[in-house]
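Scroll down for the structure; my scribbles are underneath it.
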Amino acid sequence: MTATGWTWGYDHYAPDRERLVEALCTLGNGRCATRGSAPECPAGPVHYPGTYLAGCYDRRTSAVAGRTVGNEDMVNLPDWTLLRYRCLPDDGPPGDWLTPDSPDLRHHDVRLDLRTGSLTRHLFFRDAEGRGLRVVHTRVVHMEDPHLAAQRSMFRAYGWSGAVEVESVLDGAVTNAGVERYRNLEGRHLTGHRSGFGPDGTAWLTCRTHEPVTRLALALRTVTAPRTPAVRTATPATAVQTYRLPVVPRHSVTVVKTLALHTSADRPHARPRAAACEAAARAPDFARLLTTHEAAWQRLWEQGELRVPGEPGRVLRLHVFHVLQTLSPHTEDLDVGVPARGLHGEAYRGHVFWDELFVLPYLNLHFPEVARALLMYRHRRLPAARAAARDSGGRGAMYPWQSASSGREETQELHLNPRSGRWLPDRSRLQRHVGSAVAYNVWRYAQTTGDRGFLHAAGAEILLEVARYWAGAAVFDPELSRYRVRGVVGPDEYHDAYPGAARPGIDDNAYTNATAAWVLARGLDLLGELPAARRAELRENLSLGDEELLRWDDVSRRLHIPFHQGVISQFEGYGDLAELDWETYRTRYGDIRRLDRILEAEGDTVNRYQASKQADTLMLGYLFRPHELRALFDRLGVDLDEDAWAATVAYHLRRTSHGSTLSSLVHGWLTTRAKGADAWRYCEEALLGDVADLQGGTTGEGIHLGAMAGTVDLVERGITGLEAGPDGLRVRPVPLAQIPRFSFTICFHGHRGVRVRVLPGRLAVRVPASPGGSGVLPVALPDGRTVGVAPGEERWFRL
């Protein structure tokens with residue numbers, strides 16, 4: 001792997017890492033994305049081409065472990081990149097079809113240009129007779145026109161003359177097969193295939209999903225230089241154009257494939273096939289497409305870049321790149337959420353979890369309109385969350401742990417342990433804390449952007465209905481004189497029941513209860529700040545009476561937070577569980593991130609031990625600054641001083657296996673803010689989680705979007721101590737020797753292009769003079785001073 005400046009690349013071909021390369025070299029524009037797969041290769045054990053459309057899901061039923069289960073997956077669309085080629089020399093027989101796996105491969109190089117959003121593959125083949133062929137593929141998924149993508153392939157012969165035979169393929173015979181443990185799930189999501197060619201030679205393919213029905217149309221214009229007639233063949237699921245391009249030594253020939261993708265979900269509504277064929281026909285040539293694509297990326301980088309020197313900066317730039325490919329300004333026009341694994345693969349079946357909790361802080365500061373659109377995805381699914389709450393015997397809104405097209409619960413009922421080969425009950429749907437994350441995102445978005453219009457309208461409906469759910473889910477325990485929340489699963493995920501218990505779930509997860517109390521308090525605050533007319537409207541529409549609001553207040557002050565040995569327990573009874581012999585398991589297995597699978601394969605269960613998959617209780621320190629956390633616990637009547645919190649952090653750090661990429665991120669955040677000695681170890685692990693594939697093969701199934709965005713946020717808000725609120729910007733930098741200087745540009749309360757620069761012992765804030773913001777920007781410093789920065793001014797502060 002090589003990474004220099006704005007380029008990320010791999011300088012040789014290694015089949016065992018090809019899936020990783022494909023995921024990390026994915027290209028996208030917020031509407032669709034194509035994995036960085038080799039054009040020569042269809043799906044197989046080594047290669048997995050994939051193209052995904054944001055929000056395009058399909059539901060099928062599957063027979064698993066003797067049960068019939070439903071699975072709704074993000075759909076792998078027809079492969080538009082496939083290009084087969086072989087040499088037809090004048091002085092010899094036809095050669096074999098060439099791929100990176102061919103024995104004649106002599107050189108292979110992959111370059112991802114982050115500045116321009118383009119992917120280039122260089123290959124060089126030489127056969128036993130010394131005949132050489134150089135191939136260069138350049139691919140873009142257009143950032144200006146989100147319906148377009150293109151791929152240019154250049155061929156140059158060395159030491160021979162003849163022709164290169166090229167097959168330009170549009171292949172609809174694809175399935176979802178990119179994740180091995182899902183192979184028992186039905187993966188055939190496309191049906192009703194038809195293909196053909198237009199009068200101008202454009203290949204087209206149409207198909208549809210099953211449920212919900214989305215009609216898809218792909219049109220592919222193939223142009224060669226020199227111009228060469230094509231032999232065209234088609235089956236219902238595949239359209240192929242075959243060319244023989246004459247070659248002579250050291251002269252190049254090219255093939256350009258230009259894709260247009262339209263669907264029945266597009267707005268304004270049009271016939272997908274007609275729209276796709278028209279778009280492909282009128283698309284500019286490759287050079288012009290590249291120019292407009294690069295200009296669009298330049299605008300994105302101006303608004304979204306974080307500048308950090310050295311290797312950490314290169315990784316962070318790659319992370320920003322993938323966030324922007326998944327969630328770009330084009331996302332504003334779509335009804336989509338935050339896919340936990342991006343548009344980069346089929347892991348987690350493309351579902352939406354709570355990962356927006358880690359993604360929205362970056363978007364709030366750089367692309368607030370995109371953040372708002374993602375919150376509207378949750379608002380549109382508020383009816384489904386209300387129905388889920390009713391079905392569970394509750395009130396308000398109960399958001400699902402995994403969401404897809406409709407907002408219903410999409411969490412699998414069974415999951416496979418690859419170590420034991422056994423299918424086990426999946427109880428992760430009991431992670432009710434996802435609703436608190438949605439409400440938290442609503443509140444933080446409004447605080448950061450100043451968008452009170454959203455908060456008072458759609459945001460209020462979300463937050464109040466989540467608060468109502470928690471008030472109903474809490475049950476009063478007269479012995480404790482406290483409210484309790486039973487039968488849940490926390491962020492940890494390892495503990496889904498008490499040892500030997502028949503009932504799933506655990507009681508009084510500290511993170512769940514504390515965030516529920518926070519939501520209830522914010523719900524009351526919000527009702528207090530609403531204009532009288534809007535408050536009356538909401539109370540009438542939601543039937544919010546005085547008695548119910550009194551209960552909200554009471555529950556928000558008396559939810560039970562369990563403690564043991566002077567530290568916050570992860571849940572009630574956690575301190576009674578057995579201690580794990582961590583060193584024995586590390587010695588025996590090495591990598592114990594998935595300790596749950598290891599123990600289950602041994603016939604044991606992680607439910608017996610004080611061992612967590614990822615940050616759970618400590619998530620409270622990630623969401624809330626120290627003064628906010630103290631205020632939350634003060635409201636609950638619990639004394640949480642600095643020593644008690646420090647002891648809690650130390651206790652749980654020692655008992656976490658980091659089986660999630662989010663875990664090292666959260667621990668890196670906490671230890672950085674506490675100036676801990678291990679801060680960089682956790683930060684570095686968070687940075688390398690995907691690029692080094694620390695979880696052993698998971699990155700090839702799709703990047704971890706929350707962890708990528710979270711590492712950027714760790715620098716922008718964690719190290720700077722940046723808080724954006726109604727009163728201005730607050731900064732309280734924490735030095736981190738490995739990242740001594742950096743800068744970024746944010747959008748804050750209408751001020752676009754606010755530049756923040758951090759150097760050792762100094763910080764600068766520049767407010768642009770251009771339109772977009774008005775008035776002086778208040779900046780609150782660590783020494784208690786608040787300094788105003790006027791438009792057109794840059795102020796330096798000593799720290």
Side-chain angles (χ1 to χ4, degrees), residues 28-33 52-59 71-75 146 209 212 214 263 265 322-364 367-388 397-412 428-429 431-442 444-445 454 458-459 461-463 465-466 662 702-710:
N29 57 26
R31 177 180 181 262
C32 63
Y52 306 99
L53 181 68
C56 184
Y57 295 96
D58 182 57
R59 180 178 301 281
N71 57 288
E72 182 167 283
D73 298 353
M74 182 173 70
V75 178
T209 57
T214 302
T263 80
H322 284 302
V323 171
L324 295 181
Q325 292 195 119
T326 308
L327 304 167
S328 80
H330 295 301
T331 308
E332 297 171 37
D333 298 326
L334 307 175
D335 179 29
V336 299
V338 176
R341 303 300 284 272
L343 300 174
H344 297 60
E346 294 160 15
Y348 299 167
R349 309 203 326 266
H351 290 174
V352 175
F353 292 69
W354 69 331
D355 296 66
E356 66 230 55
L357 190 66
F358 304 90
V359 175
L360 287 184
Y362 170 78
L363 295 176
N364 289 341
F367 299 91
E369 295 85 0
V370 177
R372 191 181 195 276
L374 295 169
L375 292 172
M376 288 304 298
Y377 166 87
R378 293 296 192 179
H379 182 257
R380 294 186 192 100
R381 283 147 188 82
L382 188 55
R386 286 169 171 151
M398 187 178 79
Y399 278 95
W401 176 235
Q402 296 186 33
S403 178
S405 62
S406 67
R408 60 179 281 183
E409 180 64 77
E410 297 294 347
T411 304
Q412 63 271 18
S428 57
R429 66 181 58 217
Q431 293 190 72
R432 307 298 187 212
H433 63 85
V434 65
S436 295
V438 174
Y440 178 93
N441 290 332
V442 165
R444 288 301 191 204
Y445 162 79
F454 171 81
E461 294 177 14
I462 293 173
L463 197 151
E465 286 289 67
V466 173
L662 297 173
I703 55 99
H704 297 81
L705 194 68
M708 283 191 167

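Side-chain atoms are counted along with the backbone in the values below, which use heavy atoms only and exclude waters and symmetry mates.
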field: Pairing residues for Ala439 by the side-chain contact (heavy atoms from CB on, under 4.5 Å) criterion, not counting sequence neighbours
entry: Leu463, Val466, Val519
task: Return the set of residues passing ring pair (Phe, Tyr, Trp, His ring centres under 6.0 Å) with Tyr57 (not counting sequence neighbours), or none when no residue passes.
output: none
- prompt: Listed by chain and number, what are the salt bridge (charged side-chain N to carboxylate O under 4.0 Å, His left out) partners of Glu409, not counting sequence neighbours?
  reply: none
- request: Describe, in one word, how the ring planes of His704 and Tyr348 are oriented to each other, choosing from parallel (under 30°), tilted (30 to 60°) and perpendicular (over 60°).
  value: perpendicular
query: Is there side-chain contact between Gln412 and Arg349, with at least one heavy-atom pair below 4.5 Å?
result: yes
- request: Specify the closest pair of heavy atoms between Gly30 and Ala54, including all atoms of both residues, with the distance to one decimal.
  value: O-CB, 3.8 Å
Minimum heavy-atom distance between Gly706 and Phe358, given as atom pair plus value: O-CB, 3.5 Å
- request: Apply side-chain contact (heavy atoms from CB on, under 4.5 Å) to Arg444 and list each qualifying residue two or more places apart in sequence or on a separate chain.
  value: Tyr440, Phe624, Glu628
Glu465 CD to Tyr399 OH distance, which is reported to the nearest 0.5 Å: 9.0 Å
Stepwise side chain to side chain contact (heavy atoms under 4.5 Å, CB included) test for His379 and Val442: CA-CA 10 Å; His379 182 257; Val442 165; over 6 Å; no
Point-to-point distance, once rounded to the nearest 0.5 Å, from CG of Leu375 to CZ of Phe454: 4.5 Å
message: Does any part of the side chain of Arg31, heavy atoms only, come nearer than 4.5 Å to the side chain of Asp333, both counted from C-beta?
response: no
- prompt: How far does CZ of Arg429 sit from CD of Gln402, to the nearest 0.5 angstrom?
  reply: 8.5 Å
field: Flag side-chain contact, heavy atom, 4.5 Å: Leu374 against Asn441
entry: no
message: The criterion is salt bridge (charged side-chain N to carboxylate O under 4.0 Å, His left out); which residues satisfy it with Glu369, sequence neighbours excluded?
response: Arg752
message: If you apply the rule side chain to side chain contact (heavy atoms under 4.5 Å, CB included), what do you find for Leu705 with Val323, and how did you get there?
response: CA-CA 7 Å; Leu705 194 68; Val323 171; 4.0 Å; yes
Heavy-atom closest contact (Val336 atom, Thr331 atom, distance): CG2-CG2, 3.5 Å
- request: Mind checking side chain to side chain donor-acceptor pair (under 3.5 Å) for His322 and listing every partner two or more places apart, or none if nothing turns up?
  value: Gln325, His344
message: Once side chain to side chain donor-acceptor pair (under 3.5 Å) is applied, do any residues pair with Thr209, and if so which ones, sequence neighbours excluded?
response: none
- prompt: Roughly how far apart are Glu410 CD and Asn71 CG, rounded to 0.5 Å?
  reply: 9.0 Å
task: With side chain to side chain contact (heavy atoms under 4.5 Å, CB included) as the test, would you mind laying out the steps for Phe353 and Thr411 before giving the verdict?
output: CA-CA 10 Å; Phe353 292 69; Thr411 304; over 6 Å; no
message: Are Cys32 and His330 packed together at the side-chain level, in the sense that at least one heavy-atom pair is separated by less than 4.5 angstrom?
response: no
Partners passing side-chain contact (heavy atoms from CB on, under 4.5 Å) against Pro383 (at least two apart in sequence or in another chain): none
query: If you look at every heavy atom in Ala458 and Met376, which pair is closest and at what distance?
result: CB-SD, 3.8 Å
For Ala373 against Glu332, the heavy-atom pair lying closest together: CB-CA, 3.7 Å
- prompt: Quick one: ring pair (Phe, Tyr, Trp, His ring centres under 6.0 Å) partners of His433, sequence neighbours excluded?
  reply: Trp354, Trp401, Tyr511
Pairwise distance OG(Ser406) to CZ(Arg380) - rounded to 0.5 angstrom: 14.5 Å
- prompt: Of all residues at least two apart in sequence or in a different chain, which pass the side-chain contact (heavy atoms from CB on, under 4.5 Å) check with Arg381?
  reply: Asp335, Tyr377, Ser403
field: Under the ring pair (Phe, Tyr, Trp, His ring centres under 6.0 Å) test, residues paired with Tyr52 that sit two or more places apart
entry: none
message: Working to the nearest 0.5 angstrom, can you tell me the gap between Leu53 CG and Thr214 OG1?
response: 8.0 Å
statement: Residues Leu357 and Pro361: closest non-hydrogen pair is O-CD, 3.4 Å
query: Okay, side chain of Asp58, backbone of Val75: is any donor-acceptor separation there less than 3.5 Å?
result: no
message: Test: salt bridge (charged side-chain N to carboxylate O under 4.0 Å, His left out). Region: residues 352-361. Which pairs qualify, not counting sequence neighbours?
response: Glu356-Arg378
